[in-house]
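Working notes for the structure below.
First listed ligand is number 1; within each ligand, the first listed atom is number 1.
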Amino acid sequence: MTEYRGKSVFEGIAVGKLKIVRHDNAVAVHEQGTPEEERKKFYAAREKAVSELQSLYEQALATVGESEAEIFSMHAMMTEDADLEDAVLAKIDAGEGAAQAAEEAGFELSQTFIRMDDEYMRARAVDVIDVAKRLSGYILGKKEEEILLNEPSILASSDFTPSEVVKLDKSKVLGFVTTFGSETSHTSILARTLALPSVVNIRDSIDMPFDGKTCIVDGFTGKVIVDPDEETLSLYLKKKAETDAARERRQALIGQKSVTQDGREVHIYCNVGNSEDVKAALQNDGEGVGLLRSEFLYLESEDYPSEEKQYQEYSRAAKLLEGKLLVIRTMDIGADKQASYFHLPHEENPALGMRSVRICMDRPEILYTQLRAIYRASADGNVAAMVPMIISGAEVRWVRQMAEKVRADLKKEGIPFDEKMQIGIMIETPAAALIADELAKEADFFSIGSNDLIQYTLAADRQNQSLEKFVDPHHKAVLRLIRYAAECAHAEGKWIGVCGELARDLSLTEFFAACGIDELSVSPPYVLPLREKLLSVNVSKTDLDKYTK
Ligand code: PEP
Ligand code: MG
């Protein structure tokens, strides 16, 4: 029995046969012609690769949806990238064969990505390799090997390329394990979309002799166990049966209200990264979207996304929700979410630095453009804006003034929008929580960003995994701040939600409901477990002091 540990990207238990997928890293060697002939081979391969990517895009669109499919348009762009082309041609001119040149150029470019600060960009290294492999495959006349699955399996590899993932027979995949990779990799995104228990970044490779052995993926703890002993296997099979039965049982809760035993209703919304995720929110019976992290649009772009691009994205989400509330969080770039075109200066302490609304106050045109897009989308559904990282009433007033200017401009231009669109704020700094009485007069609603509220209250960098053992998310300092913010919101007749990870912590559901939290926003798969929990609590019997004193 061998154990590995990594990052869980979807909670659940998978038990099945392990299939190890190895990538052939041998450099391509082939019969070589003159540089002129090699150049021709490169260009012919490039044309075929782009056309194959177009059909992969269509295949992905039909099977897993637009956001997963987009990766193939990106790959087509990368295939035709001028830097890659120059590097390949230089290698051909230096005497290399076209296939070797393509692979080497791809590898070198991937190293540039690996060294980038931005986590999203680092994760793109595997895409460059994928692109280069496809090119060399065409030059060599090799067909890309598909991962063939004869039976349901848990797939393990260093990482999976997006084209491998999209071609998989999804009905035979039980889960993924990767040596590298991040939570933003396409394997992770797919795992969450398909609700597959998966663990990435185990930082170790699973040895080939383990191929075909029984494997357990514990997506609750990030543990992967290969060749378990009988006792462990039967323990996990029991756990899996319980998890499956609970999931089945919860289907009956679809369409029901989330009301405590003594009649207090708490709305359950979803956190999403883009408009495509809204479909998962609706499938899981989310009553709305409590947090659309708009910065993902910025992170995926090479330059500031235009008003039109943003509008299209927000409007699509609003329309999919058909009148259910869509809370669009204004961009939260900075700290761990860096986009290179912002050219933010290097900071010793980025989590305590230039981030979100602070950047906007320095560069107001960013917020102006975003608010125009959000207001325009408000004509297409039930939309609200929410501003992160607030620490003062002055910031909220500044945002409101900007919103007033946007409304006046849109009116002048004859563009429709919802005059009454709510503007809420995130309570994710201790400062905001402690002046919640003042802020409740300025904002239309609050949403607790517990991820940051915990990091700032407990002075513990949320990115630093070695601090985990020192960080107690139930620390009474954190819970007192939440309780106080809820009191202040209600004293001004405003509603309050929680959209950080704490919202799905079932051991706090009773606390939240008893505090009067009106809305909990969680990743789509957590809606029904949370509803089940809410139905079982009784707030009139809850002793809040037990949590905060
Ligand atoms: C939070 O801080 O809890 C939050 C929801 O925002 P993010 O995790 O995106 O910082
Ligand atoms: Mg936050």
Closest approach of A373 and Y311, non-hydrogen atoms and distance? CB-N, 3.7 Å
Out of V471, D452, I454, L467, which residue meets the side-chain contact (heavy atoms from CB on, under 4.5 Å) rule with R462? D452
Take a 6.0 Å sphere around NE2 of H475 and say whether it holds more than 12 heavy atoms from other residues, nucleotides or ligands. no
Tell me yes or no: between the side chains of Y368 and R372, is some donor less than 3.5 Å from an acceptor? yes
Close residues, ligand 1: non-hydrogen atom nearer than 4.0 Å: L291, R293, R329, D332, K337, R355, M426, E428, G449, S450, N451, D452, R462, C499, G500
The protein N, O or S atoms lying under 2.8 Å from the Mg ion (ligand 2) are E428 OE1, D452 OD2
Could you check whether D332 pairs with R293 (Lys NZ or Arg NE/NH1/NH2 to Asp/Glu carboxylate O, under 4.0 Å)? no
Hydrogens and angles aside, do S294 and R329 bring a side-chain donor and acceptor to less than 3.5 Å of each other? no
Classify the ring geometry of Y298 against F342: parallel below 30°, tilted from 30° to 60°, perpendicular beyond 60°. tilted
Give a yes or no on whether a salt bridge exists between K541 and E510, defined as a side-chain N under 4.0 angstrom from a carboxylate O. no
Regarding R531 and D285, does a basic nitrogen lie under 4.0 Å from an acidic carboxylate oxygen? yes
